[in-house]
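Counting convention: from 1, in listed order, for ligands and their atoms alike.
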Amino acid sequence: MDGFSERFAQRKDEFEWLFMELYEDREALGRFETIMASFSVSRPAALKDLDKEREGKAWYLERRMLGVTMYTDLFAGNLKGLAAKVPYLKEMGVTYLHLMPLLKMPKEGSDGGYAVEDFSMVEPKFGTNGDLERLSGKLREAGISLCLDLVMNHTASTHAWAMRAKAGEKEYQDRYLVYPDRTIPDAFERTVPEVFPSTAPGNFIWDGTMRKWVFSSFYPTQWDLNYRNPVVFMEMLSSMFRLANLGVEVFRIDAVPYIWKELGTNCRNLPQVHTIVRLVRLALESVCPSVILKGEVVMAPKELAAYFGTPEKPECHLLYNVSTMVGLWNALASQDATLLKAQTEDILSLPPSAAWLNYLRCHDDIGWGLDEAKERSLGIDPLEHKKFLYHFFSGDYPGSYACGEQYNYDPVSQDARSCGTAASLCGIEQALEEKDEGKLKKALARMEMLYAVVYALKGFPMLSSGDEIAQLNDYSYKDDLLRKEDSRNVHRSPYDWDNAKKRKKKGAVQQIIWDALQNLRKVRSESPVFDGDASVTTWDAHNRHAFAIRRTKGKNEMLFVSNFSDGSETVRFDYYMGLYKDRLTGRIVEPGKGFPIKNHEYLFLEKMK
Ligand code: GLC
C-alpha cells in the first residue's frame, strides 16, 4: 500500500460516515475518494518527503515558530519580488508566512483578494503558479512555512460558476443560494446578522441578469457557496489539494463559521460546519499530512475553541486568538487587565495538538467582541464600554493618544469596530506629529509591552507586516475611489523600505521596536518553557493593572508580568519566594514580597540559582 491508501484506510470509516451524514450520496463519495488518491499521486516528491518527516508530529508547536502576515504587492510588488526578500524574513526570524489572497481576483470589488475568480490560478499581477511554487520551495529551504487562504464561503460574482449561473445554467445556480423572490431571503433576514452593516447592508443581493436573489454575506461581489451540494465541497477541496501540491503548508480557512445556512438560525457555527471542517482535516491527513488548518473564526470565546474539535476528533490545528487580541487593546485603553485575565483563563485548556496564533493586528479591523457576561459581572456596561473603545482608538476620546478610524458603524446597534496599525493605535503617530519625546517614549513602551504579552501567551506569535518597523497609518486610501469606502485600508499600505533601513539606526523608532521584537524572539527560543507542551496559566499579581503568566516545563519555570497602567504600580506574587531575575534587563526582584513596575514595563522572571 502507498502512503495515501494506508492513511486513508485508517480514517475511512469516520470519513465515509460524516460524508454520508451530510450528503447521502455514495456515488459522490466514491468520486471524492478517487480525487484524493489522484492528488496524492501527483504530489511532488519533496512534499512527500515533508509529509513523511512531519506525519503525526505537531511541528507547528515548536518554540521557534514566529509568524508574519502580509500582502504580496504591498511588501514586494509580486511573488518574484517576495522571493528576493526571503533573507529579510530570515533576519526577522520568521518561520511562518501568511500571504493575503493571491489567486485570480476581479479588478474592482476584490475585497483585498477575498473575492476569488479562479481558485486554480495565481492573480497575473502577482505572477504565475510557477512563481508560487518556486517561492514556496525557497521558503521551505529557509525553514519558513507558507500559509494561504482558502476562501471557502464564497466565490467572486465573476467566477466562472457565477457567470454560468447568471447565464441561467441550473447546475451552476445550485452551487450558490439563489431565490426567485424575497420569501426565503426575508425569512433569513429575520435571524441572520449583517457582517458589513454600513458598507454592504443585508445578506442578499439582486442579480439583474439571472433575475434572482443571491445569498451574499459579505460584499455584493462575493456570492456564498451552497455546501449542501457535494460538488461544491469536492471542488473546493480539490482547489485546496492543488495549492497544497504547489507547496502551501497551512490553509487559513476564511470565514469558516458562515459556510452552512439553515433557516431560522443565525447561520453561524452550525453543527454541519464542524462536520465539514473535520472532513477537511481527515482529507488533508490522508492526502498531504504535513499540511495544517488555521481557522479564521472571529467569534466569542465559547464558539471559538469549538473549532479545535476534541482530542479524539480534532478540527483546526491553529486558531486566531481573537479573544485575547481584543482583550489586550481593551486592557491598554482602560488600563485594567481584569477582563484580559479572565478571558485568557477561559481559553487555556485546549487539545494537546492545538495552538493559538497570538497577534495584535492583522489586515482586518478590531471587532470589540468582549465577553459581555464577564463585563456585566465586573460592573461594566458592554455597549457604553464598546463606545468608549471605538472612540478611544479613533482618537476622539478626551486624552486619547491613538490614531485610528472607525469601521462599519451600525446606527441601530451602535456597534463599530476600529482600524489602524499597532504603532498608530499605541500613540507613536501622535507623538511623532507633536514631536513630543516624552509621549513617544510612552507610546513605544505600550507597543513593546503589548507584543511582549503576545510572545508570552500560550501558542505562537504572529506579526502584522510593518509592525516590526512601527509602520504608521496611511490615509491616502481616502483619495482612491476603489478603496475609500473601506477604512481597513488605513492599515494596508506599501511597506516602507526606507524606514526598514532605520532598523539599524540607533535610537530610531524602527530600531527600538525591531530590537524589542528580536529580544522577545530570543527569550522564546532560548527556554523550554516556550515549547508547545509547556504548562501555561495566568497568575495573580495582586494588582488589577497587571497581567501575569506563568510558564513551566519540567524543572523550568518563568513568570511573565506586564503593567497596563500609565503609572507605576506594585505587584506581588504568592508562592514566589526568593530572588528572581529578569531575562532581558537582568533586574533582580523578590516577587513574593512585591516590587514596583513602571508604566508598560514587562519582565520575564526566572528564579536565581
Ligand atoms: C475574512 C477576511 C476579510 C474578508 C472576509 C470576507 O473575514 O479576513 O478580510 O473581508 O473574510 O472574505
Identify the protein atoms, limited to N or O, that lie within less than 3.5 Å of an N or O atom of ligand 1, and list each pair with its distance to 0.1 Å.
| from | atom 1 | to | atom 2 | distance (Å) |
| --- | --- | --- | --- | --- |
| ligand 1 | 7 (O) | Glu296 | OE1 | 3.3 |
| ligand 1 | 7 (O) | Glu296 | OE2 | 2.8 |
| ligand 1 | 8 (O) | Arg252 | NH2 | 2.9 |
| ligand 1 | 8 (O) | His363 | NE2 | 2.9 |
| ligand 1 | 8 (O) | Asp364 | OD2 | 2.4 |
| ligand 1 | 9 (O) | His363 | NE2 | 3.0 |
| ligand 1 | 9 (O) | Asp364 | OD1 | 2.8 |
| ligand 1 | 9 (O) | Asp364 | OD2 | 3.4 |
| ligand 1 | 9 (O) | Arg488 | NH1 | 3.2 |
| ligand 1 | 10 (O) | Asp111 | OD1 | 3.3 |
| ligand 1 | 10 (O) | Asp111 | OD2 | 2.6 |
| ligand 1 | 10 (O) | Arg488 | NH1 | 3.2 |
| ligand 1 | 11 (O) | Asp254 | OD1 | 2.9 |
| ligand 1 | 11 (O) | Asp254 | OD2 | 3.2 |
| ligand 1 | 12 (O) | His154 | NE2 | 3.0 |
| ligand 1 | 12 (O) | Asp254 | OD2 | 2.9 |

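- Annotation: salt bridge (charged side-chain N to carboxylate O under 4.0 Å, His left out) contacts of Glu189 (sequence neighbours excluded): none.
- Listed by chain and residue number, nothing satisfies the side chain to side chain donor-acceptor pair (under 3.5 Å) test with Lys166 (two or more places apart in sequence, or in another chain).
- Under 4.0 Å is where a charged nitrogen must lie from a carboxylate oxygen, and between Lys212 and Asp207 no such pair does.
- Of the candidates Asp364, Asn408, Asp365, Arg417 forms a side chain to side chain donor-acceptor pair (under 3.5 Å) with just one, namely Asp365.
- With sequence neighbours excluded, no residue satisfies ring pair (Phe, Tyr, Trp, His ring centres under 6.0 Å) with His98.
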Might you work through the side-chain contact (heavy atoms from CB on, under 4.5 Å) test for Phe119 and His159, ending with a clear yes or no?
-> CA-CA 9 Å; Phe119 287 89; His159 184 281; 3.8 Å; yes
